[in-house]
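Below you'll find the structure, written out as structure tokens, and then a few comments.
Just so you know, these numbers use all the heavy atoms, side chains as well, and skip hydrogens, waters and symmetry mates. Counting starts at 1 for both ligands and their atoms, following the listed order.
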Amino acid sequence: MSRDPTDAAGAPSAARQGRPLRARAPARPLAGRVRVPGDKSISHRALMFGALAVGTTAIEGLLEGEDVLRTAAAMRALGAEVERLGEGSWRVAGRGVGGLVEPEDVLDMGNSGTAARLLCGLLAGHPLFAVMTGDASLRRRPMRRVIEPLSLIGARFAAREGGRLPLAVEGTADPLPLDYRLPVASAQVKSACLLAGLCAPGVTRVIEPEPTRDHSENMLRHFGATVRVADTPEGRVIELDGQPELAAAAVRVPGDPSSAAFPLVAALLVPGSRVAVENVGLNPLRTGLFTTLREMGAALRVENERIEGGEPVGDVIAEYAPLRATEVPPARVPSMIDEFPILAVAAACASGVTRMRGLAELRVKESDRLAATAALLAANGVRAEIAGDDLLVHGLGGPPPGGGTVATRMDHRIAMSGLVLGLAARAPVTVDDASFIDTSFPGFAALMNRLATAGGERPGPEGRPGEGGPIAPP
Ligand SMILES: O=C(O)C1=C[C@@H](OP(=O)(O)O)[C@@H](O)[C@H](O)C1
Ligand SMILES: C=C(OP(=O)(O)O)C(=O)O
């Protein structure tokens, strides 16, 4: 019998006490072939669409990070049967579109913006009452962006000042189909509208100013819904035919490119390294970081490219090479929205000034990532400026000084970026709370330590932090 990690996800974990970690330059290059955990976006969606389908959806490679476990617990609370068979192997017996039941208790979405916003869409079209909350980071994040369109279909919301969690939602038995132009490029808002549109009769239409990740569209089709997508002068138009019968469908979750970014960038920055990450999702709406790194002179190769479950997948190989600065245009931002902290670390080691343009959305992630990224670099001897919505990083053309402490600000990507900086810097870098890494990348420190060990460091029994690798508690 396998332990079901959702049992542990209901309450703030005792481990969430502030777990500092420190990273230093490894004695040898990073080397090896690894796999990273399943894609977070696809994992949330597999559980949600599985809960809305008729029949049993088999999911392999599900990310068992805290964010996704919150979604699993919420689907159970809404009446779906969610079962863990083994590592990454889950089954969801769905209730059909419109068949979710009222939850008995508050839904706690932890640290996860995706879980909270997509769930709003799911609830809005069902005649039920629900209350949702999250951790201190999620309670600061804007929810009005989903409340506004979902109110148009007839759902009613009450939220804290500024449209923040906790919120209460009263879904509607007779949702209207939406015709909505997204005010911001957001896959979460788009997906919330589409999830609500499943319960509405007629055609739900969403227009996005810039294309964002299309995992919801792909998965809706995979479960049997009719989705039409057209690029027009006004933006990308997505149409969903309402009230389909979704049929359970097997989902194989690829490795998360946003997680793969950390070992791959580490390999680009630690002299002599060569790292392969296998089975990485390569949806073109997710790979803006790889495009940017190549422009900077990175040696990045993709092998074994194939289509799996409707999504492109491949093995990505990174080798150390000196990097040079580049400029990221605003239109590329949605395709690498979560990768700016780690790109900033790469830019700190590159020669010249890297400019990343149009990053306003970074202000409303798990932390204000514009401020947190600039502070991460400044604490470690790298000049970074915020100019309007742009971030400028003055690269040192080699290892940054390091030696600082990074304030994690409840943000997993800031924690992992700080630790990668420590692997590349002259002096060790400390992050004040690495526990948030478990939201998206359980086993991160162990995986990075294994790569250092394969490169020649003294091995620990299981490659755990503190067992000989360069990432360990201070
Ligand atoms: O739809 C998704 O799964 C996500 C969309 C993005 O958020 P926004 O929609 O707020 O840009 C991204 O930052 C997040 O990590 C995952
Ligand atoms: C922004 C992120 O996630 P979410 O919005 O789901 O909290 C992220 O994983 O970087």
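- Nearest non-hydrogen protein atom to atom 3 (O) of ligand 1 is S41 OG, 2.7 Å.
- No heavy atom of H44 sits closer than 4.0 Å to any atom of ligand 2.
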Begin with the C-alpha distance, continue with both residues' side-chain angles, and end with the deciding distance and a verdict on side chain to side chain contact (heavy atoms under 4.5 Å, CB included) for F262 and I342. CA-CA 7 Å; F262 298 100; I342 190 63; 3.7 Å; yes
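- The two residues A53 and A247 come nearest to each other via the heavy atoms CB-C, 3.9 Å.
- Counting the atoms of ligand 1 from 1 in the order shown, those under 4.0 Å from a heavy atom of D338 are 12 (C), 13 (O), 14 (C), 15 (O).
- Which of E361, E366, R45, H215 comes nearest to atom 2 (C) of ligand 1 through a heavy atom is settled by distance: it is R45.
- Residues L123 and L128 are in side-chain contact: their nearest non-hydrogen atoms beyond the backbone lie under 4.5 Å apart.
- Residue-ligand proximity, G113 to ligand 2, at heavy-atom distances under 4.0 Å covers atoms 4 (P), 5 (O), 6 (O), 7 (O).
- Ring pair F49/F223 is tilted by interplanar angle, where 30° to 60° counts as tilted.
- With a 4.5 Å cut-off on side-chain heavy atoms, H126 and L78 do not count as touching.
- With 3.5 Å as the limit, one finds a donor-acceptor pair spanning the side chains of N279 and R306.
- Heavy atoms of R117 stay at 4.0 angstrom or farther from ligand 2.
- You'll find the side chain of L419 stays beyond 4.5 Å of the side chain of V429, heavy atoms only.
- Close approach of ligand 2 to R141 is summarised as follows: ligand atoms under 4.0 Å from at least one heavy atom of the residue are 4 (P), 5 (O), 7 (O).
- Below 3.5 Å of separation, one finds no N or O of R413 facing any N or O of ligand 1.
- Backbone and side-chain nitrogen or oxygen atoms of I337 are examined, and none is located within less than 3.5 angstrom of a nitrogen or oxygen of ligand 1.
- For ligand 2, the atoms sitting less than 4.0 Å from at least one non-hydrogen atom of H412 are 8 (C), 9 (O), 10 (O), numbered in the order shown with element in parentheses.
- Checked by atom type, the side-chain pair S216/R45 shows a donor-acceptor distance below 3.5 Å.
- Remark: ligand 2 atoms within the under-4.0 Å shell around heavy atoms of Q188 are 4 (P), 5 (O), 6 (O).
- For atom 9 (O) of ligand 1, the closest non-hydrogen atom on the protein side is S186 OG, 2.7 Å.
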I'd like a table of donor-acceptor pairs (distance under 3.5 Å, sequence neighbours excluded) in which one partner is a side-chain atom from residues 248-255, with atom names and distances.
none

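- Residue D67 has no nitrogen or oxygen atom sitting less than 3.5 Å from a nitrogen or oxygen atom of ligand 2, judged on distance alone.
- In N111, the part holding a heavy atom less than 4.0 Å from any atom of ligand 2 is the backbone.
- Each of the atoms 4 (P), 5 (O), 6 (O) of ligand 2 lies under 4.0 Å from some heavy atom of T114.
- Between F436 and R409 there is no side-chain heavy-atom pair separated by less than 4.5 Å.
- Taking 4.0 Å as the cut-off, S440 does not count as a neighbour of ligand 2 on heavy-atom distance.
- The residues E361 and R363 are annotated as not salt-bridged, no charged nitrogen and carboxylate oxygen being separated by less than 4.0 angstrom.
- The closest side-chain donor-acceptor pair between W90 and E64 falls under 3.5 angstrom.
- Here the closest non-hydrogen pair linking T71 and A115 is OG1-CB, 3.3 Å.
- Among all protein heavy atoms, the one lying closest to atom 4 (C) of ligand 1 is Q188 NE2, 3.6 Å.
- Taking any N or O of K365, backbone or side chain, none lies under 3.5 Å from an N or O belonging to ligand 2.
- Judged by distance alone, the side chains of N218 and E311 do bring a donor and an acceptor atom under 3.5 Å apart.
- Contact atoms of ligand 1 toward K365: 6 (C), 7 (O), 8 (P), 10 (O), 11 (O), 12 (C), 13 (O) (distance under 4.0 Å to a heavy atom of the residue).
- Applying the 4.0 Å criterion to heavy atoms of S112 picks out, from ligand 2, the atoms 6 (O), 7 (O).
- Of the protein's non-hydrogen atoms, the one nearest atom 3 (O) of ligand 2 is E366 OE2, 3.0 Å.
- More than 12 heavy atoms of other residues, nucleotides or ligands shown are found within 6.0 angstrom of CZ on R181.
- The nearest protein atom to atom 9 (O) of ligand 2, hydrogens excluded, is given as K40 NZ, 2.6 Å; this is a heavy-atom distance.
- Taking a cut-off of under 4.0 Å to the non-hydrogen atoms of R413, the atoms of ligand 2 that pass are 8 (C), 9 (O), 10 (O).
- Using a 4.0 angstrom heavy-atom cutoff, K190 does not count as in contact with ligand 1.
- Close approach to T114 involves these atoms of ligand 1, each under 4.0 Å from a residue heavy atom: 2 (C), 3 (O), 4 (C), 14 (C), 16 (C).
- Heavy atoms of R369 come nearer than 4.0 angstrom to ligand 2 in at least one pair.
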